[in-house]
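Along the sequence shown, residues carry numbers from 1.
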Amino acid sequence: MGTVRDGHLAADVVVVGTGNAALNAALSAAKEGRRTVVLEKAPRDRMGGNSFYTAGAYRIAVDDVETLAGILGEDGMRERVRPATDLPTYSAKEFERDLDRITGGRTDPVLAQQIIDGSAETARWLRDQGVPWTLMYDRQSHHVDGRWQFWGGLFLGVEGQGPVLVDRLYQACLRAGVTFHFETPVVDLGFDDRLRHVEHVVAYDLREQRPVRIDAHAVVLGSGGFEANPRLRAAYLGPGWDLAHVRGTPFNTGELLETAVGSWAGSAGEWSGAHATAWDASTNPHAGDPELSNRATKQGYWLGIVVNLHGERFLDEGADFRNFTYAKYGREILAQPSRRAFQIFDSQTIALVDPAEYDPDVAPRVMADTIEGLAEGAGIDAPSLRRTVDRFNAAASDAPFDPTSRDGKAAADLWPPKSNWAVPIEQPPFYAFEVTCGITFTFGGLRVDGDAGVIGRTGQRIAGLYAAGETVGGIFYGNYPGGSGLSAGAVLGRRAGLAAAAE
Ligand SMILES: Cc1cc2nc3c(=O)[nH]c(=O)nc-3n(C[C@H](O)[C@H](O)[C@H](O)COP(=O)(O)OP(=O)(O)OC[C@H]3O[C@@H](n4cnc5c(N)ncnc54)[C@H](O)[C@@H]3O)c2cc1C
């Protein structure tokens, strides 16, 4: 087959993007023997979208440890599972309940069911394609009474995280005969007169500086959300969001999504909602750092307290396991003065935070022997911080601390309360980490059915057109259970690729 630089091409399946969703789709289509072409806006060395930046955490439903062992494979069990590990399970019912409660009952039930039911089988398929699975000891387990115990329903991850996930999928695609064209953003699609069937893709070759058209039987959109576009963030998410820091790829700027919902596609989901977390305030606001990657995230807040510049707490740090709160707390931080907050720890609690996120080489900090000294060093109102810490310490219950459960060790007689893990902040030295709002991805997107088929503006399914990953709306609302972006993208990406191959 020719190259895209011929100006006019034909393929069986065109896939847009090189993130997790797109690569799962491309690989699935190519393995069905279809001529598959991938078009990516970024250059080759920046491929992989947000998927590259991930911790590789992948939420799956597994009812029994045998299924999990099967996903990890013999080599995974032998080489990566530590002795004295309580192999975790997480049933489909638990996944369903978590997704439902975390999204306030709004998640699309059809898509949710597909994702939950397909999560384990897709993980197993991914292993067969070369993705090395491991258990995420560092981020998701605690060593208690001599045994490794996992918490929060999230335990499976890619050994080597996002970069390895993207690389293994890319290599598998190449082996399956997929053709890649980088620096070739898709700008629009072409349809038959009645918007019943997709017919071609219009892209722009940035190197040759000319448009290209590719005729296709089917197209899969995996081009992410609009989180890296400050104008669209302000327009959809609201005032101030243009100033949030971008955690991942700078290439997810949403123009194709905007064109789609503006002219031919139905839209779905919470367009004013986004996944956003506590993020190192000293980072580049416009893009994640491919070297530092997810280490700029600061998810140890559940062990300490979080205050604003006025020294006041404004959220319940221990409302739930952090897997179920971190994605909504970025919004709370954005609402604070100067969009800044400080995570405060003492010498007991700092010992428990994840070193990957808090080691001095990745996490600027202020350290002091007194709360007043800490406030002064960090630029926080000192008398107010003193009051906040005193009140918090006085309210903290004497119940035993247990990081593996919602331990009920609360500071309840406060507003906001800290519902669990309320360890008093009393042993110097004290630490402050300055964070801001880091946006991960946006929740609004295209409307799809259970086969990842795109529903057009007319309410009819557009034959041959599919979407997966962050491009799809309707799965997450207001909040997000950690690790479900990758499983959602993989399951729907794979479905999309198989359905596209059958067109
Ligand atoms: C720091 C960080 C850590 C994360 N950790 C996790 C985790 O551990 N587990 C988890 O489940 N989720 C995690 N996430 C969320 C996760 O990244 C997403 O849910 C998932 O990777 C999205 O995959 P995707 O394929 O939809 O999009 P992406 O991976 O973002 O891929 C979109 C691709 O489309 C390309 N593109 C955009 N526009 C065009 C266009 N017009 N034409 C052609 N190409 C285009 C982009 O360049 C990009 O390559 C994390 C995100 C970040 C930023």
Side-chain angles (χ1 to χ4, degrees), residues 53-59 80 82 85 88 134-144 147-164 247-248 275-283 288-289 291-306 315 317-330 333 341-367 401-407 418 420-421 423 425 429-436 438 440 480-483 485-486:
Y53 292 83
T54 65
Y58 186 100
R59 185 171 290 261
R80 296 190 282 273
R82 298 178 188 169
T85 294
T134 188
L135 294 180
M136 293 186 297
Y137 288 93
D138 294 341
R139 297 175 59 82
Q140 302 289 337
S141 78
H142 297 288
H143 201 222
V144 181
R147 299 197 63 81
W148 292 101
Q149 295 180 3
F150 287 82
W151 52 275
L154 181 57
F155 35 84
L156 190 68
V158 179
E159 174 79 4
Q161 307 190 353
V164 169
R247 295 180 66 207
H275 179 306
T277 73
W279 191 246
D280 183 343
S282 68
T283 50
D289 174 342
E291 293 292 318
L292 186 62
S293 197
N294 195 40
R295 295 186 72 188
T297 203
K298 297 287 164 273
Q299 293 186 22
Y301 56 85
W302 61 280
L303 288 157
I305 60 168
V306 182
L315 50 77
E317 301 87 345
D320 201 339
F321 287 119
R322 68 158 169 80
N323 285 342
F324 301 121
T325 58
Y326 78 112
K328 65 177 180 179
Y329 281 169
I333 295 167
F342 298 86
Q343 298 179 353
I344 310 283
F345 305 98
D346 73 354
S347 64
Q348 309 173 80
T349 46
I350 193 75
L352 301 173
V353 300
D354 183 353
E357 296 174 8
Y358 288 89
D359 265 0
D361 60 325
V362 294
R365 82 269 321 277
V366 176
M367 194 175 107
F401 170 75
D402 176 9
T404 65
S405 71
R406 296 177 189 89
D407 64 2
K418 181 171 180 185
N420 295 285
W421 312 297
V423 179
I425 297 171
F430 303 103
Y431 298 82
F433 294 84
E434 187 173 359
V435 291
T436 188
T440 319
Y480 159 100
L486 285 179

Next on the checklist: Testing the 3.5 Å rule here: is there a donor-acceptor pair between the side chains of Ser405 and Asp407?
Outcome noted: no

Checklist entry - What is the distance from atom CD1 of Ile333 to atom CD of Gln343, rounded to the nearest 0.5 Å? => result 7.0 Å

Checklist entry - So, does Ser141 use its side chain to make a donor-acceptor pair with the main chain of Trp148 at under 3.5 Å? => result no

Checklist entry - Does Asp361 offer a backbone N or O that forms a donor-acceptor pair with the side chain of Asp359 under 3.5 Å? => result no

Checklist entry - Does Tyr480 have Lys328 sitting over its ring (NZ/CZ under 6.0 Å from centre, angle to axis within 45°)? => result no

Checklist outcome for this item: Taking every heavy atom of Lys298 against every heavy atom of Asp280, the minimum-distance pair comes out as CG-N, 4.3 Å

Item to check | Chi angles and distances behind the side chain to side chain contact (heavy atoms under 4.5 Å, CB included) call for Gln140, Trp151 | outcome: CA-CA 6 Å; Gln140 302 289 337; Trp151 52 275; 3.5 Å; yes

Checklist entry - Closest approach of Lys418 and Leu303, non-hydrogen atoms and distance? => result NZ-C, 3.5 Å

Checklist entry - What is the distance from atom CD of Glu357 to atom CH2 of Trp279, rounded to the nearest 0.5 Å? => result 9.0 Å

Checklist entry - Quick one: OH on Tyr431 to CD1 on Ile425, what's the gap to the nearest 0.5 Å? => result 13.5 Å

Checklist entry - Backbone N or O of Thr325 within a donor-acceptor pair of the Asp320 side chain at under 3.5 Å? => result no

Checklist entry - Can you tell me if Tyr301 uses its side chain to pair, donor with acceptor, with the backbone of Tyr326 under 3.5 Å? => result yes

Checklist outcome for this item: Heavy-atom closest pair (Ser293 atom, Tyr53 atom, distance to 0.1 Å) is OG-O, 3.2 Å

Checklist outcome for this item: d(Arg139 CZ, Asp354 CG) to nearest 0.5 Å is 6.0 Å

Checklist entry - How far apart are the C-alpha atoms of Glu159 and Val164, what are their side-chain angles, what is the distance that settles it, and do they pass the side chain to side chain contact (heavy atoms under 4.5 Å, CB included) test? => result CA-CA 7 Å; Glu159 174 79 4; Val164 169; 6.0 Å; no

Item to check | Donor-acceptor contact present, side-chain Tyr358 to main-chain Gly300, <3.5 Å | outcome: yes

Item to check | Closest heavy-atom pair and its distance - Glu317, Val306 | outcome: OE2-N, 2.8 Å

Checklist entry - If only atom types and distance count, is the side chain of Arg365 paired as donor or acceptor with the main-chain N or O of Phe433 below 3.5 Å? => result no

Checklist entry - Does the side chain of Arg59 reach to within under 4.5 Å of the side chain of Leu486, using non-hydrogen atoms? => result no

Checklist entry - Looking at Pro88 and Phe155, what are the two nearest heavy atoms and their distance? => result CG-CG, 3.3 Å

Next on the checklist: For the backbone of Leu135 and the side chain of Arg80, can you confirm whether one donor and one acceptor N or O come within less than 3.5 Å of each other?
Outcome noted: no

Checklist entry - Of the options Phe345, Phe401, Trp302, which is the one that meets Leu352 in a side-chain contact (heavy atoms from CB on, under 4.5 Å)? => result Phe401

Next on the checklist: Please tell me whether Phe321 and Trp421 form a close aromatic pair, meaning their ring centres lie under 6.0 Å apart.
Outcome noted: yes

Next on the checklist: So which atom in Ala432 and which in Ile344 form the shortest heavy-atom distance, rounded to 0.1 Å?
Outcome noted: CB-CD1, 3.9 Å

Checklist entry - Salt-bridged, Arg82 to Asp138, with N to O below 4.0 Å? => result yes

